[in-house]
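Everything below concerns the one structure shown next.
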Amino acid sequence: WPEIKQLPDYFRSLMEAHIRFREDPECDDPTVRKPIPKELLYKLLFDVTWFANIKYDGTNLAVSTDKKLYGRRHRIETNSYQKCDVTPLFGVDVSPIAIDILGEHYKKVSKFFVYGELVINRKFDYLANNLYGEWIAFGICVEIPKVEDGIEIHSLLTANGFRLNSLPRVTPGAQTKLTILLNEKLKQTLVAHKVKAADTLYCGGNLIELIKDCRSWMLNGNGEGLVCVSEDFQKKWKIGLEVQPSIWGHFKECTEKISTYDDLDPAIMEAAKILMEVSESNKLMGEVINKPKKQKAKEPTKLIFDTVQMKGAIESALTKYDSLESFFVQNRMKEICNLLIEEVKEDLMPTLAEDVIKQDAIREINNSVRKYVGVRFGMWKNNKPM
């Protein structure tokens with residue numbers, strides 16, 4: 001399943017691109033979004049329709065048409081995954097869904113996966129709503145051998161009311177990969193085949209209205225966050241207690257600049273303020289959670305990555321594999337450490353400031369991951385039956 005970027009960063013990029021249009025309309029820097037005039041800014045914020053689906057805190061699990069299960073990085077062949085029983089999922093047949101969606105084009109597809117979140121955590125209202133251990137579908141991935149078939153199927157599904165990621169660039173000889181996003185059309189299809197789909201919090205309005213409508217839910221921390229689906233891409237929006245993207249200093253600068261333009265619709269500033277407000281909220285299911293105060297270290301060590309950011313990256317990486325205990329039992333501690341280090345590097349290295357030495361950052365990631373896994377191994381060793 002493709003990595004999903006952050007909604008606040010998308011909003012920041014639009015504000016920044018409009019500022020760039022006013023200050024340097026001929027800018028052709030390929031590393032940033034092209035300058036966008038007011039008309040295009042309004043189209044993107046007020047005309048494009050969006051959906052917002054609840055993002056569940058668990059781990060990705062896909063079911064294929066050959067009734068095989070896959071985690072984020074590997075095939076699942078055991079009856080338990082991340083300490084949850086997945087036996088019932090081996091009996092899930094998603095072939096009728098594929099045939100329903102693709103029709104006669106089904107034979108042109110080499111792989112078809114229904115992706116969902118296996119709810120492995122007892123957070124939020126998961127226990128009260130019997131969601132713990134459930135598999136909740138949120139999208140579909142399709143692989144097609146021939147490029148021309150991929151283009152045809154992408155056009156067909158879009159015309160039939162499905163939403164897909166924009167057609168990727170395809171290298172000759174490679175498979176075309178399509179991602180079908182969760183909108184009302186896909187949700188109706190999944191439910192018709194008795195597959196539980198993620199709940200939708202907002203349906204069919206523009207981005208500004210989505211942000212305003214979902215403000216209360218996000219501020220109160222009623223879930224991990226939302227997956228916000230546009231016409232040909234999706235973004236994630238996480239509650240304040242989740243690890244936040246390292247963009248907020250730049251976001252505030254853009255907001256301050258945008259606020260000086262008297263000719264812009266004030267709803268843009270309102271939405272920007274809501275995004276900042278949510279990022280600073282410390283509520284969980286409506287209750288204020290006091291964030292632990294940082295203790296003074298005896299010998300302060302300047303860290304490259306914030307400890308909360310590092311912990312969040314490690315825990316996110318952990319959801320892409322089976323539980324640590326499953327690796328400990330098989331004496332594969334070194335293997336899982338190396339896997340997690342690569343995942344965390346992929347997550348954190350792009351956030352480095354220009355003046356940071358990359359090798360120092362990699363060393364800090366290595367040490368942090370090994371320490372985290374080492375502590376968990378010690379706990380497991382002390383608690384396992386003799």
Side-chain angles (χ1 to χ4, degrees), residues 1-2 54-99 110-143 182 189-199 223-224 314-340 342-343 369 372-373 375-386:
W1 188 257
I54 291 176
K55 186 180 189 305
Y56 297 92
D57 193 341
T59 186
N60 276 13
L61 188 148
V63 180
S64 65
T65 46
D66 56 4
K67 297 186 180 180
K68 292 176 182 176
L69 307 185
Y70 295 87
R72 193 72 173 267
R73 297 288 185 264
H74 63 288
R75 183 179 163 191
I76 300 167
E77 300 183 84
T78 56
N79 291 335
S80 175
Y81 186 64
Q82 287 281 359
K83 301 181 182 179
C84 282
D85 180 20
V86 293
T87 309
L89 294 178
F90 284 103
V92 174
D93 185 4
V94 299
S95 296
I97 298 174
I99 294 168
S110 59
K111 293 180 182 178
F112 184 98
F113 303 92
V114 176
Y115 267 86
E117 197 79 3
L118 179 64
V119 183
I120 60 173
N121 296 308
R122 297 175 174 87
K123 296 182 177 179
F124 309 109
D125 57 357
Y126 297 167
L127 289 177
N129 290 328
N130 297 316
L131 295 178
Y132 174 71
E134 287 287 299
W135 178 66
I136 304 172
F138 57 69
I140 289 171
C141 282
V142 183
E143 293 187 15
L182 188 63
T189 304
L190 292 169
V191 172
H193 290 275
K194 298 181 180 178
V195 172
K196 183 176 178 59
D199 283 340
E224 183 189 7
I314 294 172
E315 290 179 348
S316 174
L318 281 168
T319 67
K320 298 169 185 176
Y321 301 94
D322 205 347
S323 64
L324 283 176
E325 290 78 3
S326 69
F327 284 86
F328 297 157
V329 167
Q330 299 174 53
N331 197 27
R332 295 163 62 199
M333 183 172 167
K334 183 177 179 181
E335 178 187 344
I336 188 60
C337 277
N338 291 336
L339 289 169
L340 294 176
E342 290 306 310
E343 296 287 351
V369 170
Y372 184 99
V373 174
V375 169
R376 289 283 297 272
F377 176 75
M379 293 167 61
W380 170 79
K381 193 175 180 180
N382 290 334
N383 292 324
K384 72 174 184 175
M386 298 298 290

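The structure presented is a predicted model; accordingly, all values stated were derived computationally and were not measured.
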Test side chain to side chain contact (heavy atoms under 4.5 Å, CB included) applied to Lys194 and Val92, step by step: CA-CA 10 Å; Lys194 298 181 180 178; Val92 174; over 6 Å; no

Residues Tyr372, Leu318; criterion side chain to side chain contact (heavy atoms under 4.5 Å, CB included); working and verdict: CA-CA 11 Å; Tyr372 184 99; Leu318 281 168; 3.6 Å; yes

Test side chain to side chain contact (heavy atoms under 4.5 Å, CB included) applied to Glu143 and Phe112, step by step: CA-CA 7 Å; Glu143 293 187 15; Phe112 184 98; over 6 Å; no

Audit row: Phe328, Phe377, ring pair (Phe, Tyr, Trp, His ring centres under 6.0 Å) steps and yes/no: CA-CA 7 Å; Phe328 297 157; Phe377 176 75; 5.1 Å; yes

Side chain to side chain contact (heavy atoms under 4.5 Å, CB included) assessment of Asp57 paired with Phe124: CA-CA 9 Å; Asp57 193 341; Phe124 309 109; 4.2 Å; yes

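At least one donor-acceptor pair closer than 3.5 Å links the side chain of Glu117 to the backbone N or O of Gly58. Judged purely by atom type and a 3.5 angstrom limit, Asn121 has no side-chain atom pairing as donor or acceptor with the backbone of Lys123. In this structure a side-chain-to-backbone donor-acceptor pair under 3.5 Å is missing from Asn129 to Leu131.
Looking at Trp135 and Lys196, their side chains never come closer than 4.5 Å, going by heavy atoms from C-beta outward. For the pair Lys68 and Phe90, the minimum side-chain heavy-atom distance is 4.5 Å or more. With contacts defined as side-chain heavy-atom distances shorter than 4.5 Å, the pair Tyr56/Asp199 qualifies. Two residues are said to be in side-chain contact when any heavy atoms from C-beta on lie closer than 4.5 Å; Met333 and Val373 meet this criterion.
Rounding to the nearest 0.5 Å places CD1 of Ile76 at 4.5 Å from OH of Tyr81. Here Lys55 contributes atom NZ and Phe138 contributes atom CZ; the two are 8.0 Å apart, rounded to the nearest 0.5 Å. Atom CD in Glu325 sits 8.5 Å away from atom CH2 in Trp380 (nearest 0.5 Å). For the atom pair CD (Glu343) and OG (Ser316), the distance works out to 8.0 Å, reported to the nearest 0.5 Å. The distance from the NZ atom of Lys320 to the CD atom of Gln82 is 12.5 Å, given to the nearest 0.5 Å. The CG atom of Leu182 sits 9.0 Å away from the CD1 atom of Ile140 when rounded to the nearest 0.5 Å.
Nearest heavy atom pair, residue Val114 against residue Ile97, reads CG2-CD1, 4.3 Å. Across Ser80 and Val86, no two heavy atoms sit closer than the pair N-CG2, 4.1 Å. The shortest heavy-atom contact between Leu69 and Leu89 is CD2-O, 3.7 Å. Across Tyr132 and Cys84, no two heavy atoms sit closer than the pair OH-SG, 4.0 Å. Summarising the geometry of Val119 relative to Tyr126, their closest heavy-atom pair is CG1-CD1, 3.5 Å, with the distance given to 0.1 Å. Residue Ile136 comes nearest to Ala198 through the heavy atom pair CG2-N, 3.3 Å, listed as atom of the first residue, atom of the second, then distance.
Ring orientation note: the planes of Phe327 and Tyr321 are nearly perpendicular, at an angle over 60° on the 30°/60° scale.
In Asn331, the CG atom is not crowded: 12 or fewer heavy atoms of neighbouring residues, nucleotides or ligands sit closer than 6.0 Å. For CZ of Arg122, the number of neighbouring non-hydrogen atoms (other residues, nucleotides, ligands) closer than 6.0 Å is 12 at most.
With 3.5 Å as the limit, one finds no donor-acceptor pair spanning the side chains of Tyr70 and Arg75.
With Asn338 as reference, Lys334 is the one residue of Glu335, Glu342, Lys334 to meet the side-chain contact (heavy atoms from CB on, under 4.5 Å) rule.
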